[in-house]
There are 2 protein chains.
Amino acid sequence: MSILRQRPAEESTQLTPTDRAIVDELRSDGRLPNATLAERVGLSPSACHSRVRALRDRGVIRGFTADVDPAALGCAIQALVFVRIHPRARSGLEQFAETLRVRPEVAQLYFLGGSDDFLIHLWARDSNHVRDFVLDALSSSQAVAHTDTKLIFDHHRAVTPTAL
Amino acid sequence: MSILRQRPAEESTQLTPTDRAIVDELRSDGRLPNATLAERVGLSPSACHSRVRALRDRGVIRGFTADVDPAALGCAIQALVFVRIHPRARSGLEQFAETLRVRPEVAQLYFLGGSDDFLIHLWARDSNHVRDFVLDALSSSQAVAHTDTKLIFDHHRAVTPTAL
DNA sequence: AGTGAAACACTTGGTGG
DNA sequence: CCACCAAGTGTTTCACT
């Protein structure tokens with residue numbers, strides 16, 4: 001199962017202004033009651049409901065998640081790990097990435113252009129945990145040519161609903 | 001207003017196994033009905049409800065958001081921009097970061113250890129948009145010493161509820 | 001802290017414009 | 001594609017354990 005290009009690239013269908021408004025509202029509060037949402041975007045509850053459903057079905061809205069404080073889960077530190085794969089092992093890159101992605105420490109995984117093949121955003125209990133992860137999940141693999149670990153002092157997600 | 005260390009570091013209070021279960025469920029589905037959640041974690045709806053409220057009040061759960069496909073919002077490409085600040089301008093780093101953070105293109109902002117001061121995860125319509133952002137928001141500032149932009153081919157968020 | 005029941009609010013499908 | 005309406009379902013509070 002490839003994890004690259006898993007989305008059917010559905011940007012062909014442009015969003016209406018109302019859809020944009022719905023998406024923006026749900027990005028800032030995913031639990032906004034449908035009735036309130038409907039009022040804010042100027043729709044009846046049922047019309048709003050079916051639009052939200054359509055947005056989910058179209059894959060515009062992929063899902064809803066709780067935003068959790070890592071520290072509360074016992075992850076006191078976060079790190080970025082840049083990973084370079086051996087040229088010969090590039091063909092197995094996706095599969096290797098998939099084994100990484102399911103690890104509980106991996107908060108995010110980026111596939112990159114440039115000298116590094118991907119970047120891992122890591123949640124860990126402490127610095128030993130980071131080291132263990134890098135040794136166990138990365139350095140021990142034949143495919144990995146190089147890693148570079150940087151500590152994250154602080155991390156913020158977007159505040160503004162993306163209206164470009 | 002400082003955006004660094006804004007959280008009161010409330011990891012002193014350890015999570016109970018039930019709380020962990022609640023958090024894990026809500027991370028994989030933020031819109032899980034309270035009744036279903038209660039059943040899954042083995043609590044009555046009312047008890048579950050008050051625990052979720054407590055988790056929010058304690059800051060363990062920061063909020064709920066919709067996970068949206070950037071492409072559907074007209075952002076065809078994503079990029080990482082590494083930013084290095086002039087040593088003399090480091091004192092104003094937080095304030096500068098705050099001006100960045102409120103920009104609609106900024107999906108995430110990391111404060112880093114190492115040679116780069118921070119890292120911006122960018123959403124953009126196209127490569128021109130990336131260039132314009134870097135020129136306008138970064139290179140034009142006196143504080144910025146250096147930037148390095150890398151293209152993101154693909155981006156994945158965690159699949160596994162973090163149970164370390 | 002957890003339970004159970006009752007009041008309340010919200011969602012969700014059908015019907016018609 | 002949208003609004004209105006009517007069940008049906010889920011949430012939320014409170015008194016009690």
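Below, chain A is the first sequence line, B the second, and so on; all start at residue 1.
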- Message: ring-ring contact (aromatic ring centres under 6.0 Å, His included) for Tyr110(B) and His121(A)? Distances and angles first, verdict last.
- Response: CA-CA 10 Å; Tyr110(B) 297 87; His121(A) 174 186; 5.2 Å; yes
Between atom [atom1] in [X] and atom [atom2] in [N], what is the gap in whole Å?
X: Arg56(B); N: dT12(D); atom1: CZ; atom2: P; result: 10 Å
X: Asn34(B); N: dA9(C); atom1: CG; atom2: P; result: 17 Å
X: Leu43(B); N: dG4(C); atom1: CG; atom2: P; result: 11 Å
X: Glu39(B); N: dT9(D); atom1: CD; atom2: P; result: 15 Å
X: Arg31(B); N: dT9(D); atom1: CZ; atom2: C1'; result: 15 Å
X: Arg40(B); N: dG10(D); atom1: CZ; atom2: P; result: 13 Å
X: Leu32(B); N: dG10(D); atom1: CG; atom2: P; result: 11 Å

Give a yes or no on whether Arg90(A) atom CZ has more than 12 heavy-atom contacts from other residues, nucleotides or ligands under 6.0 Å away.
yes
(Q) For Arg125(A), is there an ion pair with Asp132(A) - N to carboxylate O distance below 4.0 angstrom? (A) no
Walking DNA chain D from its 5' end, the first of Ala47(A) and Pro33(B) to be reached, judged by nearest nucleotide, is Ala47(A)
By nearest-heavy-atom nucleotide on DNA chain D, the more 5' of Cys48(A) and Pro45(B) is Cys48(A)
Under 4.0 angstrom between [X] side-chain N/O and [N] OP1 or OP2:
X: Arg51(B); N: dG2(C); result: yes
X: Arg53(A); N: dG13(C); result: yes
X: His49(B); N: dT12(D); result: yes

Item to complete: Measure distances between side-chain N and O atoms of Ser46(A) and base N and O atoms of dC5(D), and say whether any donor-acceptor pair falls under 3.5 Å.
Response: no
query: Any side-chain donor-acceptor pair under 3.5 Å between His155(A) and Gln108(B)?
result: yes
Checklist entry - Is the closest side-chain donor-acceptor distance between Arg131(A) and Thr149(A) under 3.5 Å? => result no
Testing dT11(D), dA3(D), dT13(D) for proximity to the side chain of Ala35(B), the answer is dT11(D)
